[in-house]
Amino acid sequence: MEDQSCSSVEIDDFDSYDHNSPWALDIGGTLIKLVYFSREDGCLENSFGNSVRLEEVGLETSSKNYPILDGKLHFKKFQTSKINECLDFIESKLLQGSCCRHQEVSGKKKLIIKATGGGAYKYADLFKEKFGVTFDKEDEMNSLVSGANFLLKAVPCEAFTYMEGRKDFVQINSSDLFPYLLVNIGSGISMIKVVGDGKFERVSGTSLGGGTLLGLGMLLTKCQSFDDLLEMSHKGDNRNIDMLVSDIYGSDYSKIGLSARTIASSFGKVIFDNKELKDYKKEDIARSLLRMISNNLAQIAYLIAMWHGKLKRIIFGGSFTRSHEYIMETISDGVEYWSKGETKAMFLRHEGFLGALGAFKSYEKHGLGSLMGHHLSEQSPVASPRPQLEQKSNGPLLVESTDAESVGCCILGSDTMKRT
Ligand SMILES: Nc1ncnc2c1ncn2[C@@H]1O[C@H](COP(=O)(O)OP(=O)(O)O)[C@@H](O)[C@H]1O
Ligand SMILES: CC(C)(COP(=O)(O)O)[C@@H](O)C(=O)NCCC(=O)O
């Protein structure tokens with residue numbers, strides 16, 4: 001048992017903590033996702049690293065006498081198996097006085113972090129013992145949906161399709177967003193039919209998810225990490241492992257719509273090879289595994305979307321895709337193939353942070369104010385990705401599109417924060 005007493009952080013002056021520095025954690029089976037807000041006084045950075053006054057982008061520093069807290073929303077990931085790295089990071093921020101918010105509970109000030117995912121339950125005592133931090137738990141499915149809805153409504157250049165090596169951004173009109181199927185590919189996979197804000201049903205799930213790819217990959221290729229596995233898969237050829245229709249028919253089977261190149265049986269070629277694991281190229285195994293898991297989940301997602309009211313939009317979240325082109329391409333091809341071109345897979349730039357963002361958003365319930373942001377990509381002639389508008393949106397665009405590690409944003413104060 002780890003001795004936590006020597007590394008606990010002393011918090012002498014709760015009032016010195018900025019109660020507007022909210023943090024949220026999503027502690028999953030494989031990864032911990034952290035979203036936190038840092039203030040940047042009076043100005044924020046646009047996509048190109050220039051400082052921009054809030055007034056320049058049409059936002060008053062004080063709107064209707066409510067404060068606007070401008071700054072950045074940061075996104076960080078840690079391995080759940082290396083939770084100490086996450087604890088160290090939080091500790092360093094606590095020491096700087098820039099982590100957590102305090103909340104008055106029965107006359108006492110408590111340090112609170114919003115937390116979701118299984119680890120919000122499993123590790124609650126660890127955080128309490130180490131830092132005196134209390135997890136304010138948010139339901140995982142609710143958080144995923146809230147995070148996805150927020151990104152889809154507020155962040156331009158967030159959703160995109162990926163086909164034939166082309167990424168096309170899609171700006172979905174808020175009034176035309178629902179219903180959609182959210183497929184969260186984490187360690188396992190949850191499929192959620194979303195019909196409105198806070199209105200959803202987890203309609204299905206499968207244990208053949210990201211954890212399966214990584215677990216099998218580690219066993220079969222001895223890769224050390226997910227990145228290793230992806231790297232290997234780039235160089236591999238699954239046809240050395242998978243049995244194709246042409247391997248069985250000698251040609252295509254066009255009568256039932258199967259091309260010669262279609263995988264008839266994942267890993268099926270191995271049966272006749274009479275080889276040992278070491279005789280296969282690990283790159284080929286990685287490629288074959290990646291196709292197997294991605295094809296399978298694309299097919300299940302499509303069937304579930306059809307089963308639950310012919311949902312036209314299937315949006316894939318979770319850290320699995322990691323904007324990895326081959327994964328997205330395979331999922332897109334799967335959805336295209338099974339839907340006979342009627343449905344397109346959609347992906348999100350902040351795909352892994354839906355749960356953490358949703359938990360973060362839930363601070364709004366406690367009067368923190370609304371998370372907003374600024375769309376600053378118009379500021380430079382250097383084009384940031386332009387959304388392919390399904391329908392032009394009229395309202396203010398809310399969140400700056402930048403890299404995936406941080407986005408400029410602001411928190412628009414609520415009644416409880418009203419200036420006098
Ligand atoms: N750096 C990484 N380390 C481990 N797995 C990763 C990494 N990046 C992406 N993945 C993939 O994403 C999955 C975890 O996705 P995530 O949405 O974070 O799920 P969870 O909430 O269960 O941790 C892993 O199982 C793996 O397939
Ligand atoms: C249990 C979970 C919700 C946990 O979420 P995760 O940490 O995998 O993101 C998820 O792994 C899941 O939905 N698994 C599939 C279980 C099933 O429906 O068979």
Side-chain angles (χ1 to χ4, degrees), residues 24-35 75-83 85-86 115-123 137-148 151 181-193 200-221 223-234 286-287 289-294 296-298 300-301 303-304 307-308 315-328 330-331 347-359 404-405:
L25 282 165
D26 174 3
I27 310 182
T30 311
L31 298 172
I32 300 174
K33 281 73 60 178
L34 169 63
V35 172
F75 301 89
K76 269 189 96 61
K77 276 184 191 172
F78 305 88
Q79 306 272 345
T80 309
S81 59
K82 294 182 187 161
I83 193 163
E85 288 177 9
C86 174
T116 189
Y121 298 85
K122 191 171 166 188
Y123 297 111
K137 299 182 192 70
E138 289 294 326
D139 175 70
E140 183 176 348
M141 299 299 125
N142 201 29
S143 300
L144 288 171
V145 170
S146 162
L151 288 172
L181 184 72
L182 176 62
V183 179
N184 193 64
I185 321 169
S187 308
I189 302 181
S190 280
M191 301 192 193
I192 308 165
K193 177 178 176 178
F200 63 88
E201 184 189 353
R202 183 188 183 275
V203 286
S204 196
T206 166
S207 63
L208 299 185
T212 319
L213 174 68
L214 186 53
L216 284 174
M218 289 176 110
L219 268 182
L220 297 175
T221 71
C223 69
Q224 296 297 311
S225 67
F226 190 68
D227 288 324
D228 274 1
L229 189 68
L230 294 187
E231 184 67 35
M232 274 183 214
S233 75
H234 267 302
R287 185 86 166 193
L289 273 176
L290 199 142
R291 290 210 61 172
M292 181 178 78
I293 299 293
S294 307
N296 186 62
L297 72 89
I300 297 176
L303 293 174
I304 295 297
W307 185 255
H308 289 278
I315 298 176
F316 291 87
S319 305
F320 177 78
T321 48
R322 278 273 298 276
S323 293
H324 186 260
E325 290 163 9
Y326 190 63
I327 294 184
M328 295 189 299
T330 309
I331 293 175
F347 304 95
L348 300 170
R349 276 196 328 138
H350 295 91
E351 77 279 272
F353 290 94
L354 307 186
L357 264 174
E405 274 159 32

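Whatever order the structure lists them in is the order used to number ligands and atoms, beginning at 1. Predicted model, so just to flag it, every value in this text is computed and none were measured. Positions are given from 1, in the same order as the sequence printed here.
Here the side chain of E351 pairs a donor or acceptor atom with the backbone of S323 at under 3.5 angstrom. Here the side chain of S146 pairs no donor or acceptor atom with the backbone of N142 at under 3.5 angstrom. Panel note: side chain T30, backbone G186; no donor-acceptor pair is recorded below 3.5 Å. No donor-acceptor pair closer than 3.5 Å links the side chain of T321 to the backbone N or O of M328. Side-chain atoms of T206 never come within 3.5 Å of backbone atoms of I189 as a donor-acceptor pair (strictly under, hydrogens ignored).
Note that CG of L181 is 9.0 Å distant from OG of S204, once rounded to the nearest 0.5 Å.
Taking every heavy atom of I185 and a limit of under 4.0 angstrom, the matching atoms of ligand 1 come to 15 (O), 17 (O). Near F320, with a cut-off below 4.0 Å to any heavy atom, the atoms of ligand 1 are 11 (C), 12 (O), 27 (O). Interface of L214 with ligand 1, defined as ligand atoms under 4.0 Å from a residue heavy atom, comprises 4 (C), 5 (N). Within the listing of ligand 2, atoms 3 (C) sit less than 4.0 angstrom from a heavy atom of M141.
Among protein heavy atoms, the minimum distance from atom 18 (O) of ligand 2 is reached at R202 NH2, 2.9 Å. The nearest protein atom to atom 3 (N) of ligand 1, hydrogens excluded, is given as Q79 NE2, 3.3 Å; this is a heavy-atom distance. The closest protein non-hydrogen atom to atom 15 (C) of ligand 2 is T206 O, 3.4 Å. Distance from atom 19 (O) of ligand 1 to its nearest protein heavy atom, with residue and atom name: G186 CA, 3.1 Å. The shortest contact between atom 7 (O) of ligand 2 and any protein heavy atom is with G29 N, 3.2 Å. Scanning all protein heavy atoms for the shortest distance to atom 10 (N) of ligand 1 gives F226 CD2, 3.4 Å. Atom 17 (O) of ligand 1 has its closest protein heavy atom at S319 N, 2.9 Å. Scanning the protein for heavy atoms near atom 8 (O) of ligand 2, the closest one is G188 N, 3.0 Å. Protein heavy atom at the shortest distance from atom 9 (O) of ligand 2 is E140 OE2, 3.6 Å.
Looking at heavy atoms from C-beta onward, I27 lies out of side-chain contact with K122 at the 4.5 angstrom threshold. Residues L208 and M292 are not in side-chain contact: their nearest non-hydrogen atoms beyond the backbone lie 4.5 Å or more apart. Between H234 and H324, the closest side-chain pair of non-hydrogen atoms falls below 4.5 Å. Residues Y123 and T80 are in side-chain contact: their nearest non-hydrogen atoms beyond the backbone lie under 4.5 Å apart. Looking at heavy atoms from C-beta onward, L182 lies out of side-chain contact with M191 at the 4.5 angstrom threshold.
Checked by distance only, ligand 1 and G210 come closer than 3.5 Å through their nitrogen or oxygen atoms. At under 3.5 Å, a nitrogen or oxygen of S187, whether backbone or side chain, sits near a nitrogen or oxygen of ligand 1. Checking only distances, K33 does come within under 3.5 Å of ligand 1, N or O to N or O. At under 3.5 Å, not a single nitrogen or oxygen of G318, backbone or side chain, sits near a nitrogen or oxygen of ligand 1. Between R322 and ligand 1, at least one pair of N/O atoms sits closer than 3.5 Å. Inclusion of G211 in the set of residues having an N or O under 3.5 Å from an N or O of ligand 1 is warranted. Ligand 1 has no N or O atom lying under 3.5 Å from any N or O atom of T80, backbone or side chain. In terms of polar-atom proximity, defined here as any N/O pair under 3.5 Å, L31 does make such a contact with ligand 1. The shortest N or O to N or O distance between S187 and ligand 2 is under 3.5 Å.
Checking atom 12 (C) of ligand 2 against the protein gives a heavy-atom contact under 4.0 Å.
Between L213 and ligand 1 there is no heavy-atom distance shorter than 4.0 Å. Contact analysis leaves I32 out of contact with ligand 1, as no non-hydrogen atom separation drops below 4.0 angstrom.
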Handout entry: Worked check of side chain to side chain contact (heavy atoms under 4.5 Å, CB included) between I293 and I185
Key = CA-CA 11 Å; I293 299 293; I185 321 169; over 6 Å; no

Practice task
Check step by step if side chain to side chain contact (heavy atoms under 4.5 Å, CB included) holds for F75 and L357.
Solution key: CA-CA 9 Å; F75 301 89; L357 264 174; 4.0 Å; yes

Handout entry: Derivation and outcome, side chain to side chain contact (heavy atoms under 4.5 Å, CB included), residues V35 and D26
Key = CA-CA 9 Å; V35 172; D26 174 3; over 6 Å; no

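By the criterion of a heavy-atom distance under 4.0 Å, neither the backbone nor the side chain of D227 is placed next to ligand 1. Under 4.0 angstrom from ligand 2, there are no non-hydrogen atoms of M191.
Of all the heavy atoms in E138 and T116, the pair that sits closest is O-OG1, 2.8 Å.
Note: F320 and F226 have tilted aromatic rings, judged against thresholds of 30 and 60 degrees for the angle between ring planes.
With atom 19 (O) of ligand 2 as the reference point, the heavy atom nearest to it among S207, G318, S204, G211 is part of S207.
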